[in-house]
Amino acid sequence: MEPKIVALTGAGISAESGIPTFRGKDGLWKRFKPEELATPEAFFRNPKLVWEWYDYRRQLIAKAEPNEGHRILARMEREFPNFYLITQNVDGLHQRAGSRKVIELHGNIWKVRCTECGKEDYDYRVPLPEIPPRCDACGGLLRPGVVWFGESLPPDALMKAEKLARDADVFLVVGTSGVVYPAAELPYIAKEFGATVIEVNPEQTPISRIADIRVPKKASEGLREVYEFLRERYGSSGQG
Ligand code: APR
């Protein structure tokens, strides 16, 4: 039976692409206040300010390239038929690196959704020609297609992620501080159902306590080691 390998990623895997994390020393929440920029209340209070911030992040991401860490996870998907990727990131870099089986728990920064008619599209324009952007169907105010604090995650994405965590033989946790729920619950579920938990993160996190293997390195280096470990343990069946 092919091994069920699941990876959960956070902002740390995009750090080497030049995308700021949220809670690191130069993290976004050190410079900006989440309650002013990443909540529904903040958005409806000041949609222009919130969109200026998202447009700034979209411009950063548009200039960024996937890094070796993203590429190794895409290679794992090609090599192991039962490999799945769950991400908290909204930057879309996993897909640009070639990952296809990606569950986006917190949405995608390139998605926009109308607050009036609910129409949802991908809009890759940087910078946005009009801030705040308007729905081309009804003229309503568009919002970023991401999950804000206080909002629930897309139910189907969360259900799929929890099932993958329960069924996993190996659960990789890469580049996340493990403090935002319900995403942070997934490694504990995997552990409880018997998975080998491997954490790749230069810093300790609450998840370090339950990790069977800790790789205290940056994602690109750490994932290279993990990839070799998995090939030794499970043999390289695929076209790696
Ligand atoms: N390689 C691996 N890990 C790294 C690297 C790197 N090069 N650089 C930093 N890290 C680690 C940090 O040590 C930290 O533990 O990545 C983690 C980033 O943590 P956060 O900034 O908290 O990002 P994340 O865990 O993804 O945040 C979760 O919080 O703000 C919300 O919705 C947002 O999805 C986000 C969620």
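Whatever order the structure lists ligands and atoms in, that order sets their numbers, starting from 1. All values reported here derive from a predicted model rather than from experimental measurement.
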J.: Is K163 atom NZ crowded by more than 12 heavy atoms from other residues, nucleotides or ligands, each under 6.0 Å away?
T.: no
J.: Looking at E228 and R224, is there a salt bridge between them, counting it only when a charged N and a carboxylate O are closer than 4.0 Å?
T.: no
J.: Which atoms of ligand 1 have any heavy atom of E203 under 4.0 Å away?
T.: 13 (O)
J.: For atom 7 (N) of ligand 1, what is the nearest protein heavy atom, given as residue, atom name and distance?
T.: E16 OE2, 3.3 Å
J.: I need the nearest protein heavy-atom contact for atom 2 (C) of ligand 1: residue, atom name and distance, please.
T.: A219 N, 3.5 Å
J.: Pick whichever of G107, S177, A38, G12 has a heavy atom sitting closest to atom 19 (O) of ligand 1.
T.: S177
J.: State plainly whether the residues E36 and R45 are in salt-bridge range, i.e. N to O under 4.0 Å.
T.: no
J.: Using a strict 4.0 Å threshold on nitrogen-to-oxygen distance, state whether K218 and E16 make a salt bridge.
T.: no
J.: Taking only heavy atoms of Q88 into account, list the atoms of ligand 1 that are under 4.0 Å away from them.
T.: 28 (C), 34 (O)
J.: Indicate yes or no: does an N/O atom of F22 lie under 3.5 Å from an N/O atom of ligand 1?
T.: yes
J.: Test side chain to side chain contact (heavy atoms under 4.5 Å, CB included) on H94 and I13 and set out the steps.
T.: CA-CA 9 Å; H94 284 302; I13 194 162; 4.0 Å; yes
J.: Tell me the contacting part of T21 for ligand 1: side chain, backbone, both, or neither, using a 4.0 Å heavy-atom threshold, strictly below.
T.: both
J.: Is F149 in polar range of ligand 1, meaning some N or O pair under 3.5 Å apart?
T.: no
J.: Indicate yes or no: does an N/O atom of P202 lie under 3.5 Å from an N/O atom of ligand 1?
T.: no
J.: Provide, to 0.1 Å, the distance between atom 26 (O) of ligand 1 and the closest protein heavy atom, together with that atom's residue and name.
T.: A11 N, 2.8 Å
J.: Name the closest protein heavy atom to atom 27 (O) of ligand 1, giving the residue it belongs to and the distance to 0.1 Å.
T.: R23 NH1, 3.0 Å
J.: So T176 and T205, do their side chains get closer than 4.5 Å, heavy atoms only?
T.: no
J.: Please confirm whether the ring centroid of Y124 lies under 6.0 Å from the ring centroid of W110.
T.: yes
J.: In the protein, which heavy atom is nearest to atom 25 (O) of ligand 1, and how far is it?
T.: T176 OG1, 2.7 Å
J.: Hey, is R231 close enough to E79 for a salt bridge, meaning N to O under 4.0 Å?
T.: yes
J.: Taking the cut-offs as 6.0 angstrom to the six-membered ring centre and 45 degrees off its axis, would you call R57 and W53 a cation-pi pair?
T.: yes
J.: Return the option from G175, G69, G10 holding the heavy atom at the smallest distance from atom 18 (C) of ligand 1.
T.: G175
J.: Give the residue and atom name of whichever protein heavy atom lies nearest to atom 34 (O) of ligand 1, and the separation in Å to one decimal.
T.: H106 ND1, 2.9 Å
J.: Among all the protein's non-hydrogen atoms, which is closest to atom 13 (O) of ligand 1, and how far away is it?
T.: N201 OD1, 2.8 Å
J.: Return the closest protein heavy atom for atom 8 (N) of ligand 1 as residue, atom name and distance.
T.: A15 CB, 3.7 Å
J.: Say whether T205, considering both its backbone and side-chain N or O atoms, lies within less than 3.5 Å of an N or O atom on ligand 1.
T.: no
